[in-house]
Number of protein chains: 2
Amino acid sequence: MGEVVMGRQRPGTPTLEEVAARAGVGRGTVSRVINNAAGVKDSTRRAVQRAIAELGYVPNLAARSLAGRRADAVALAMTEQDWRLFGEPFFAETVRAVSDALTDTGMQLLLTLVRTAAERQRFVEYARGGRVDGALLMSVRADDPLPDMLAEAGLPTVLLGRRSGDECVTYVDADNVGGARAAVAHLLDGGRSRIATITGPLDMYVAQCRLRGYREALDRAGIRSRSSWEAESDFTEESGRRAMAELLERHPDIDGVFAASDTTAAGALAALRAAGRRVPGDVAVIGFDDFPLAQRTDPRLTTVRQPLEEIGRALVRLLLEEMEQPAVAWRHVILRTELVLRDSAP
Amino acid sequence: MGEVVMGRQRPGTPTLEEVAARAGVGRGTVSRVINNAAGVKDSTRRAVQRAIAELGYVPNLAARSLAGRRADAVALAMTEQDWRLFGEPFFAETVRAVSDALTDTGMQLLLTLVRTAAERQRFVEYARGGRVDGALLMSVRADDPLPDMLAEAGLPTVLLGRRSGDECVTYVDADNVGGARAAVAHLLDGGRSRIATITGPLDMYVAQCRLRGYREALDRAGIRSRSSWEAESDFTEESGRRAMAELLERHPDIDGVFAASDTTAAGALAALRAAGRRVPGDVAVIGFDDFPLAQRTDPRLTTVRQPLEEIGRALVRLLLEEMEQPAVAWRHVILRTELVLRDSAP
DNA sequence: CTGAAAGCGCTAACAT
DNA sequence: ATGTTAGCGCTTTCAG
């Protein structure tokens, strides 16, 4: 009687051994051919390739993984908060950059959602189970235990951003303090002096850094920073709008705004418009992240550009390094940010 | 001499065999315990669990996969175009729904980018190599060869949306024609008669369907549809803005707009505002997809809601069915859409 | 209820 | 340059 098979993989899939038989060679030779190893006579190689084509052979990756002790894949994990920021260009562009940086390595990039505790558990088992050779973690929150769980399990792990000033786990970050400082300094240079800021969620280190840069720039100019000039957002456009409205109410004479994200800057713009302010005539706005979002509407804003291509490359490079060597040290890379000037009349 | 090992997996990882030795049982028993199989004496089970905990044992997924002939993972592949629509709430919400629907199965969801031909090749090898038990494909273009490549390889595959009216591969879709028709009928009911539409990219079947619904509704009302009342967008906000401006120029007396997407509707809104039209006073706008994007600005728009939770569940259910049975038939599910009324004064 | 044994399909070291 | 062999760590009969 035909028993019910619980296996999911189609039967009858040709194996390396069948290819070897058909090509009239040993299994080792076939293995060399499919792995592009040197030292195979050209005629043999072609014979094997023909057999592969005729049989429609595809290597079984589980077997390769088991024998070769590697997965040829890396995960990029995103938490629930990341997911809500999904729409942000920063997010999509970074993933794209990582994907590009990975093309040469032949490794498959796997994006995974880690929203609940159950999903985190499953992901950890997946990663520790050897289905990926390493993990990239996006914009981790201060209280996120995932990096440590993976790092302690010995899985090569690299963070995009850090959880705090004394982060240990290997990470790539942008110079958030410096970028914010440069932005505010630019506003000051342009003759603005009543400068407010819309911060990101302050439980994220990145938001703390950008706020610090804002304050430092004011300090250096001899301006005492005050909390009434600071309003928190959660990096969404809507919260940026609200924060801006709030700031305007507190300080109708604002003439400059530093927004901690591109999306937030877009919200700020909308709120300023709604309040009848001209931008940048009455109020100059500088946003972190150089994306079209805040610029969909007319005024070409000056922005702080993060070098996303570089970030993607650095993430992959560090991950590869972690994979090559046993984890002897944490490696940190902080990439310079750049002010992109667009407001000719500051 | 210590040879350089190219393997990536940490050595010294405890194996099932070591657990068995420590617990003083056979390997089979350990296997039964970690798979929650029935028929293990309670005391034995606990002994094994203790050994697992003490050793910090984690099953090697490659070995399990090889022996068990399944991957316990499914892929959700996104093409380059999808990726550009990444920001759309529809996208994020659908993935979330799929993720939710998958939690009970214990399978890991893997999002993969398939942007270039090289990436497609790699993904096909990954999938055919047995690293996933099935694939979900988002909003495929008419000329996308990926569905056929996977389906022909015998991999359980389900599409979200179809490539054309005679799509074969198993899919889940929304009733786009009906939804569009209902939207336009609602505008007509509200006394509007000069109704334009902003379509999606017409090489996508979903966009064709929504346009067809628009035309059918007008036909039924005895209004001849004309192409000058139709403008194409690529589903982005910017293109929606442009399309609306164009339509306004051609027909300044427009009093209703059906937008083929939420994002497009947002663009239309902005353009209408810029042209000094009140919404919905002068012009009523209905968008497909029920999301806050088009509603960030004041007027509460009536929208066409796609049942995303249902779509996610259906995708997973069909995929599981494909996995259980050899592919004997293509299965298609078309989910009803719903008009969400918000404009009390149509 | 449990142990022993036979693979799953591949890589890599070792012969030749 | 190529064939042979010994595992990789697990699931799954099949005996007991």
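Treat the numbers as computed from the prediction; the structure is a model and nothing was measured. First the proteins, then the strands, lettered A, B, ... as listed; each starts at 1.
- Take A:Glu17 and apply the side-chain contact (heavy atoms from CB on, under 4.5 Å) test, not counting sequence neighbours, and it matches A:Thr15, A:Arg27.
- Looking at residues two or more places apart in sequence or on another chain, you find no side chain to side chain donor-acceptor pair (under 3.5 Å) involving B:Arg128.
- As a whole-Å value, the separation of A:Leu66 CG from C:dA12 P is 12 Å.
- Between the CG atom of B:Leu55 and the P atom of D:dG9 there is a distance of 14 Å, rounded to whole Å.
- Atom CG of A:Leu61 and atom C1' of C:dC10 are 10 Å apart (whole Å).
- In this entry the distance linking CG of B:Asn35 with C1' of D:dC10 reads 9 Å, nearest Å.
- Rounding to whole angstrom units, CZ of residue A:Arg64 and P of D:dC10 are separated by 21 Å.
- Although no hydrogens or angles enter the test, the distance criterion places a donor-acceptor pair under 3.5 Å between the side chain of A:Asp133 and the main chain of A:Ala71.
- Counting to the nearest Å, the C1' atom of D:dT11 and the CG atom of B:Asn36 are 15 Å from each other.
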Review item, side-chain donor-acceptor pairs of residues 44-53 of chain A, under 3.5 Å, at least two apart:
{"from": "A:Thr44", "atom 1": "OG1", "to": "A:Lys41", "atom 2": "O", "distance (Å)": "3.4"}
{"from": "A:Arg45", "atom 1": "NH2", "to": "A:Ala37", "atom 2": "O", "distance (Å)": "2.9"}
{"from": "A:Arg46", "atom 1": "NH1", "to": "A:Asp42", "atom 2": "OD2", "distance (Å)": "3.4"}

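- For the pair B:Ile34/B:Leu16, a side-chain contact is recorded, criterion being any heavy-atom separation below 4.5 Å from C-beta on.
- With D:dT11, C:dC10, D:dC10 as the candidates, the nucleotide lying closest to the side chain of B:Ser31 is D:dT11.
- Of the side-chain N and O atoms in A:Arg69, one or more sit less than 4.0 angstrom from OP1 or OP2 of D:dG9.
- Summarising the geometry, the separation between CD1 on B:Ile52 and P on D:dG9 is reported as 16 Å, rounded to the nearest angstrom.
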What nitrogen or oxygen pairs link the protein and nucleotides 1-5 of chain D at under 3.5 Å?
{"from": "D:dT2", "atom 1": "OP1", "to": "A:Thr44", "atom 2": "OG1", "distance (Å)": "2.4"}
{"from": "D:dT2", "atom 1": "OP2", "to": "A:Lys41", "atom 2": "N", "distance (Å)": "2.5"}
{"from": "D:dT2", "atom 1": "OP2", "to": "A:Thr44", "atom 2": "OG1", "distance (Å)": "3.3"}
{"from": "D:dG3", "atom 1": "OP2", "to": "A:Gly26", "atom 2": "N", "distance (Å)": "2.5"}
{"from": "D:dG3", "atom 1": "OP2", "to": "A:Thr29", "atom 2": "OG1", "distance (Å)": "2.7"}
{"from": "D:dG3", "atom 1": "O5'", "to": "A:Gly26", "atom 2": "N", "distance (Å)": "3.4"}
{"from": "D:dG3", "atom 1": "O6", "to": "A:Arg32", "atom 2": "NH2", "distance (Å)": "2.6"}

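- Nucleotide C:dG7 holds its P atom 17 Å from the CG atom of A:Asn60, rounded to whole Å.
- Across its full length, the helix from C:dC1-D:dG16 to C:dT16-D:dA1 shows an angle of 40° between the axes of its 5 terminal pairs at either end, rounded to 10 degrees.
- Under the side-chain contact (heavy atoms from CB on, under 4.5 Å) criterion, B:Glu125 pairs with B:Gln121, not counting sequence neighbours.
- Residues satisfying the side chain to side chain donor-acceptor pair (under 3.5 Å) criterion with B:Arg313, sequence neighbours excluded, are B:Glu310.
- Applying the side-chain contact (heavy atoms from CB on, under 4.5 Å) rule to A:Arg115 yields the partners A:Glu80, A:Leu113, A:Glu119, B:Arg96, B:Ser99, B:Asp100; only residues at least two apart in sequence or on another chain are considered.
- Scored by the side chain to side chain donor-acceptor pair (under 3.5 Å) test, A:Arg162 finds A:Tyr171, A:Asp173 as partners (sequence neighbours excluded).
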